[in-house]
Undergrad: 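My questions will all concern the structure given below.
Along the sequence shown, residues are numbered consecutively beginning with 1.
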Amino acid sequence: MNLADCYRLLELNTGASIAEIKASYRRLARRYHPDVNPTDGQAKEKFIAITEAYEILLAIAPQVEIPQEKPPATPSKPAEWSPQPSPKVTVTTRKEKPVTPEPPLSETDKQLKWQSYEQLQLLLKGQKFPRAIALIEGLAQRLPNDVEVRQWQAITYQRWGRYLVSQGDLDKARIYLKKALKTDPHNKSLWYEVKRDFDRMEYLY
């Protein structure tokens with residue numbers, strides 16, 4: 001399933017935020033859930049398809065929570081108190097803060113990126129984790145500043161860690177789960193999943 005199909009299935013525009021993806025999935029899942037349509041085979045297939053599309057988009061969606069770390073836009077002084085341009089310092093620092101945007105990817109790199117993504121999905125589905133890690137680490141070396149690639153890399157580490165937990169290889173699982181958090185430390189969905197994995201490890205111990 002390619003990205004265009006995922007957005008189409010969830011009735012979203014390209015580049016939708018996590019909040020939009022979750023809201024659309026909840027709405028469609030209620031409509032097509034097998035419990036609501038017990039005799040409708042097409043509804044069941046649609047439910048499976050939108051769930052798969054949801055998981056794919058959630059993995060690559062822009063993390064809208066990150067801007068929380070920016071300083072407040074305006075000081076909490078009364079309006080009458082600041083007609084003069086006193087907050088010059090804050091204005092200049094805020095202007096200096098944005099980093100120069102990364103140059104756009106070449107057509108070759110774009111093609112390589114999305115072909116690698118399709119291949120990565122197949123490898124994760126088939127639980128071929130070492131090959132998936134080799135693939136995503138190679139892509140991350142080629143595109144070291146690509147935010148989406150970093151997210152995919154972190155998710156691959158987390159999936160491998162979760163699989164290792166299920167196999168009882170807890171020491172190795174811990175290494176890969178920590179690598180996932182280091183790779184994409186601002187991804188709140190990832191933190192939640194890794195916490196679940198660590199909780200499960202504690203239960204197994």
Side-chain angles (χ1 to χ4, degrees), residues 1 3 6-7 9-10 12 15-30 33-35 47-72 116-117 119-141 143-205:
M1 184 184 297
L3 282 177
C6 294
Y7 285 114
L9 280 166
L10 288 174
L12 291 167
S17 69
I18 284 184
E20 291 169 328
I21 291 167
K22 286 182 176 179
S24 184
Y25 173 70
R26 279 195 297 269
R27 176 174 56 81
L28 293 169
R30 280 195 296 268
H33 198 284
D35 291 347
F47 178 77
I48 292 168
I50 62 172
T51 300
E52 184 181 344
Y54 170 70
E55 288 175 354
I56 291 171
L57 290 185
L58 206 60
I60 65 156
Q63 300 298 305
V64 293
E65 297 89 350
I66 295 174
Q68 274 182 326
E69 296 175 31
K70 289 183 180 175
S116 299
Y117 175 76
Q119 195 179 348
L120 180 66
Q121 291 300 312
L122 291 173
L123 290 171
L124 290 176
K125 226 176 222 184
Q127 296 189 334
K128 296 175 181 175
F129 296 107
R131 284 178 60 191
I133 286 173
L135 172 70
I136 195 62
E137 286 182 343
L139 186 64
Q141 282 184 350
L143 306 172
N145 300 315
D146 192 294
V147 176
E148 288 178 328
V149 171
R150 195 180 315 129
Q151 289 175 348
W152 303 343
Q153 187 179 7
I155 288 163
T156 303
Y157 288 148
Q158 184 269 327
R159 296 273 179 88
W160 179 218
R162 177 168 288 179
Y163 177 79
L164 290 168
V165 172
S166 70
Q167 299 301 301
D169 193 346
L170 303 184
D171 290 336
K172 195 171 179 182
R174 191 174 285 107
I175 290 168
Y176 278 95
L177 292 172
K178 286 180 179 176
K179 278 181 84 168
L181 296 180
K182 279 185 186 173
T183 304
D184 192 8
H186 299 295
N187 188 331
K188 292 189 177 182
S189 300
L190 179 71
W191 276 86
Y192 172 75
E193 292 300 325
V194 170
K195 183 182 181 305
R196 281 179 58 198
D197 295 327
F198 276 117
D199 288 345
R200 190 176 171 205
M201 286 167 69
E202 280 188 27
Y203 175 77
L204 291 174
Y205 264 127

Undergrad: Roughly how far, to the nearest 0.5 Å, is OG1 of Thr183 from CD1 of Ile155?
TA: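 Reported value, rounded in 0.5 Å steps: 11.0 Å.
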Undergrad: Between Leu139 and Tyr117, is any pair of side-chain heavy atoms under 4.5 Å apart?
TA: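 No, too far: nothing below the 4.5 Å cut-off.
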Undergrad: Would you please classify the geometry between the Tyr54 ring and the Tyr25 ring as parallel, tilted or perpendicular, with 30° and 60° separating the classes?
TA: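 Ring orientation, 0 to 90° scale: parallel.
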Undergrad: So how far is it from Phe47 CZ to Leu28 CG, rounded to the nearest 0.5 Å?
TA: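 Atom-to-atom, Phe47:CZ and Leu28:CG are 10.5 Å apart.
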Undergrad: How about Tyr157 and Lys178: do any of their side-chain heavy atoms sit closer than 4.5 Å?
TA: no
Undergrad: When you measure from the side chain of Trp191 to the backbone of His186, do you find a donor-acceptor pair of N or O atoms at a distance under 3.5 Å?
TA: no
Undergrad: Do you know the tightest heavy-atom contact between Ile50 and Ala29?
TA: CD1-N, 3.7 Å
Undergrad: Should Val194 and Phe198 be marked as a side chain to side chain contact (heavy atoms under 4.5 Å, CB included) after you check the CA-CA gap, both sets of side-chain angles, and the distance that decides it?
TA: CA-CA 6 Å; Val194 170; Phe198 276 117; 3.4 Å; yes
Undergrad: Please find the pair of heavy atoms, one from Val149 and one from Leu143, that lie closest to each other, and give the distance.
TA: CG2-CD1, 4.2 Å
Undergrad: Nearest 0.5 Å, what's the CG-CD distance between Leu10 and Glu20?
TA: 11.5 Å
Undergrad: Less than 4.5 Å apart, any side-chain heavy atom of Gln151 and any of Val147?
TA: yes
Undergrad: Write down the atom of Leu12, the atom of Ser24, and the distance for their closest heavy-atom approach.
TA: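 Reported closest heavy-atom pair: CD2-CB, 3.9 Å.
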Undergrad: Is the shortest side-chain heavy-atom distance between Trp152 and Glu148 below 4.5 Å?
TA: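 Heavy-atom side-chain distance check passes, below 4.5 Å.
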Undergrad: Grab the two heavy atoms, one from Ala132 and one from Leu124, that are nearest each other, plus how far apart they are.
TA: CB-CD2, 4.0 Å
Undergrad: Could you tell me which non-hydrogen atom of Ala173 sits nearest to which non-hydrogen atom of Val165, and how far apart they are?
TA: CB-CG2, 3.6 Å
Undergrad: In terms of side-chain geometry, is the basic nitrogen of Arg162 or Asp197 positioned less than 4.0 Å from the acidic oxygen of its partner?
TA: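 Salt bridge between Arg162 and Asp197, a charged N being under 4.0 Å from a carboxylate O: yes.
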Undergrad: Contact between Tyr192 and Lys188 at the side-chain level, heavy atoms closer than 4.5 Å - yes or no?
TA: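 No - every pair of side-chain heavy atoms lies 4.5 Å or more apart.
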Undergrad: Could you state the interatomic distance from CG (Leu135) to CD (Gln119), rounded to the nearest 0.5 Å?
TA: 5.0 Å
Undergrad: At their closest point, which heavy atom of Asp184 faces which heavy atom of Ala154, and how far apart are they?
TA: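 Shortest heavy-atom contact: CB-CB, 3.5 Å.
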Undergrad: Looking at Arg174 and Asp171, is there a salt bridge between them, counting it only when a charged N and a carboxylate O are closer than 4.0 Å?
TA: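 Salt bridge between Asp171 and Arg174, a charged N being under 4.0 Å from a carboxylate O: yes.
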Undergrad: In Å and rounded to the nearest 0.5 Å, what is the CG to OH distance from Leu164 to Tyr176?
TA: 8.0 Å
Undergrad: Any chance you could lay out the side chain to side chain contact (heavy atoms under 4.5 Å, CB included) test for Arg26 and Arg30, step after step, and finish with the verdict?
TA: CA-CA 6 Å; Arg26 279 195 297 269; Arg30 280 195 296 268; 4.1 Å; yes
